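Written out below as structure tokens is the structure these notes cover.
Since we're looking at a predicted model, the values are computed, not measured.
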Amino acid sequence: QHAARSRPAVCCRRSEPRAPVMVLHDADGFLTQLTRMLERSREKGAVYVTMKRYAGIEGKRGEPVDPADCRCLVRAVLGSTKASTMVAAKDHRRFMKSYANIMKVSLDSLKKKERRRGGEKKKAGAA
């Protein structure tokens with residue numbers, strides 16, 4: 001009965017390329033990669049940076065964790081390019097100063113939003 005429904009043993013082959021894996025850098029390597037991503041995104045694209053507290057396996061279990069042992073997981077994504085780093089609590093201030101300097105230099109390429117005046121919006125809605 002079940003012989004008609006059997007499938008081949010090989011089921012995990014893919015013909016399309018896999019998405020790039022997140023690469024874990026040291027803090028300085030991550031900042032270098034972030035700078036490159038921001039330079040590439042000037043013309044087109046957006047860089048997404050996320051930060052979150054990482055307490056390790058103990059934090060996942062719900063056990064108490066010493067704040068000095070916690071790290072910060074920082075990720076950056078531009079299209080299919082991904083980079084990440086783990087920043088220890090003792091290195092956090094130095095990392096954030098470098099990160100802030102990179103962001104200050106790179107944020108000059110932001111474009112202002114085009115705003116419509118209230119009157120134009122009402123006229124367009126009435127017509």
Evaluation steps, side-chain contact (heavy atoms from CB on, under 4.5 Å), between Arg36 and Thr81: CA-CA 11 Å; Arg36 289 182 186 149; Thr81 307; over 6 Å; no
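- Note: Met51 CE to Cys72 SG = 6.0 Å, rounded to the nearest 0.5 Å.
- In this structure, NE2 on His25 lies 7.0 Å from OG on Ser84, to the nearest 0.5 angstrom.
- Here the OG1 atom belonging to Thr35 is positioned 10.0 Å from the CE atom belonging to Met103, to the nearest 0.5 angstrom.
- Under a hydrophobic-cluster definition in which Ile, Leu, Val, Met, Phe, Trp and Tyr are linked whenever side-chain heavy atoms come within less than 4.5 Å, directly or via other members, Tyr48 and Leu31 are assigned to different clusters.
- Atom OG of residue Ser98 and atom CG of residue Leu34 lie 11.0 Å apart, to the nearest 0.5 angstrom.
- The shortest side-chain heavy-atom distance between Arg40 and Val47 does not fall under the 4.5 Å cut-off.
- Separation of atoms CG (Leu78) and CG (Leu38) is listed at 8.5 Å; rounding is to 0.5 Å.
- Judged purely by atom type and a 3.5 angstrom limit, Thr85 has no side-chain atom pairing as donor or acceptor with the backbone of Val74.
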Residue pair Phe30, Val87: steps toward the side-chain contact (heavy atoms from CB on, under 4.5 Å) verdict: CA-CA 10 Å; Phe30 173 80; Val87 181; over 6 Å; no
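- The minimum heavy-atom distance linking Lys82 with Met37 is given by the pair C-CE, 4.0 Å.
- When all heavy atoms of Ala88 and Arg71 are compared, the closest pair comes out as CA-CG, 4.0 Å.
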